[in-house]
Amino acid sequence: MPEVKKSDDGVQIDLIGGERMSGKTSMEKIRMILDSVHEGNIVILEEGLAPDEESKLIEVTMAEISPDEFSGIEIETYPRSKTSDSGFLGRLMGRESSGSKLTVIGPANQIETLHKDENLISALISRK
Amino acid sequence: MGLFTGLKQSIRRVTDKLFTSEEPKRIGIYGPPNAGKTTLANRIARDWTGDAVGPESHVPHETRRARRKENVEIERDGRTVTIDIVDTPGVTTKVDYEEFLDHDMEKEDAVRRSREATEGVAEAMHWLREDVDGVIYVLDSSTDPFTQVNTMLIGIIESQDLPVLILANKTDLEGSSVQRIRNAYPQHETIPLSALEGENMDEVYTKIAEYFG
């Protein structure tokens with residue numbers, strides 16, 4: 001990552017398929033995401049991250065924040081449907097979550113979420 | 001097995017597993033920056049021990065390292081619940097030192113504050129995975145609760161099977177809407193309060209005893 005040559009006057013978007021992430025460890029996934037975001041890219045994950053991986057992503061992001069260089073990430077995920085079986089109640093009742101969700105991650109100083117609802121994420125991406 | 005019977009039994013299994021020993025349970029107070037976590041921690045600590053946990057401020061990330069108040073004994077209906085309160089820094093995915101410059105801070109102080117804040121958030125995330133037995137999740141009821149960080153954090157807490165009590169704080173503020181929080185996280189009970197004014201703390205203590213005792 002990244003496989004596409006970066007343009008000086010554009011913003012690169014990496015759409016990462018679920019299959020590409022499936023064989024990786026949590027830290028390999030987080031490294032792939034943050035390396036790309038550090039380069040100013042926007043990462044879109046077809047299948048998102050597990051809760052434990054989201055927790056580690058925040059932890060590692062915090063360790064890499066540096067004044068005037070990297071101020072962190074913006075992250076948006078399609079919310080799970082309130083009527084779905086995922087989440088605490090679903091697990092209590094023995095129903096497994098599909099885990100399928102789409103996640104957008106970008107540099108905090110370049111991406112601003114304009115709108116989000118259950119099936120639309122609008123983001124403004126600036127070139128810096 | 002009916003839905004509610006199954007739910008009840010499952011909750012009992014989780015709480016029985018967590019609360020069989022006599023050791024105080026570590027209850028982490030989590031939530032976004034400026035939700036009133038330290039004000040709540042101080043209110044609980046003062047009410048039951050007479051001491052505060054840490055300084056409160058309107059400046060984001062005033063709490064930059066987790067602070068613990070041990071052996072807080074809460075009495076409810078003749079029972080005593082003993083907990084360690086862990087007040088954590090506000091969880092976020094970004095920290096920009098420039099936001100502190102708006103609070104009459106020199107750059108050097110702002111950079112130091114942001115470094116401490118990032119270390120504190122990383123520590124709080126680590127503790128959430130490893131070191132707390134239950135969570136009090138504090139939200140500012142005058143702001144939109146449906147943020148990515150809140151959704152992620154509550155998802156992380158749920159994935160750990162930790163008991164979580166959601167508090168809708170700052171009900172004293174204009175624009176406060178407890179219902180907005182209930183709508184955002186309907187899978188959890190939401191308790192309204194004003195930690196600053198001490199309003200509805202009786203119900204908060206009853207729920208703490210119920211969830212963590």
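Heavy atoms only: backbone and side chains are in, while hydrogens, waters and symmetry mates are out. The structure presented is a predicted model; accordingly, all values stated were derived computationally and were not measured. Protein chains get the first letters and strands the later ones, always in sequence-line order, with residue 1 at the start of each.
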Exercise. What heavy-atom pair brings B:M152 and A:I75 nearest, and what distance separates the two atoms?
Worked result: SD-CD1, 3.9 Å
For this session: Go through A:K56 and B:R129 one step at a time and tell me if the side chain to side chain contact (heavy atoms under 4.5 Å, CB included) criterion holds.
Result: CA-CA 9 Å; A:K56 285 176 187 156; B:R129 293 197 306 272; 3.5 Å; yes
For this session: To the nearest 0.5 Å, tell me how far B:T147 OG1 sits from A:E76 CD.
Result: 8.5 Å
Problem set entry | Proximity of residues 64-71 of chain A to chain B, residues having a non-hydrogen atom under 4.5 angstrom | A:I65, A:P67, A:D68, A:S71
Problem set entry | Pick from B:L128, B:L153, B:V95 with the largest number of heavy-atom pairs that fall under 4.5 Å of chain A | B:V95
Problem set entry | Atom pair OG1 (B:T93) and CD1 (A:I105), whose distance is rounded to the nearest 0.5 Å | 10.0 Å
For this session: Sort out for me which of A:A108, A:A63, A:S55, A:G72 touches chain B most, counting heavy-atom pairs under 4.5 Å.
Result: A:S55
Exercise. How close do B:S159 and A:P51 get, heavy atom to heavy atom, and via which atoms?
Worked result: OG-CB, 3.4 Å
For this session: Kindly compute the distance separating CD1 (A:I58) from OG1 (B:T118), expressed to the nearest 0.5 Å.
Result: 13.5 Å
Exercise. Is it true that atom CZ of B:R26 has more than 12 heavy atoms of other residues, nucleotides or ligands lying nearer than 6.0 Å?
Worked result: yes
For this session: Mind checking the NE2-CE spacing from B:H126 to A:M62? Nearest 0.5 Å is all I need.
Result: 16.0 Å
For this session: Answer with side chain, backbone, both or neither: which region of A:T61 has an atom nearer than 4.5 Å to a non-hydrogen atom of chain B?
Result: side chain
Exercise. Do A:N109 and B:D96 have side-chain heavy atoms sitting under 4.5 Å apart?
Worked result: no
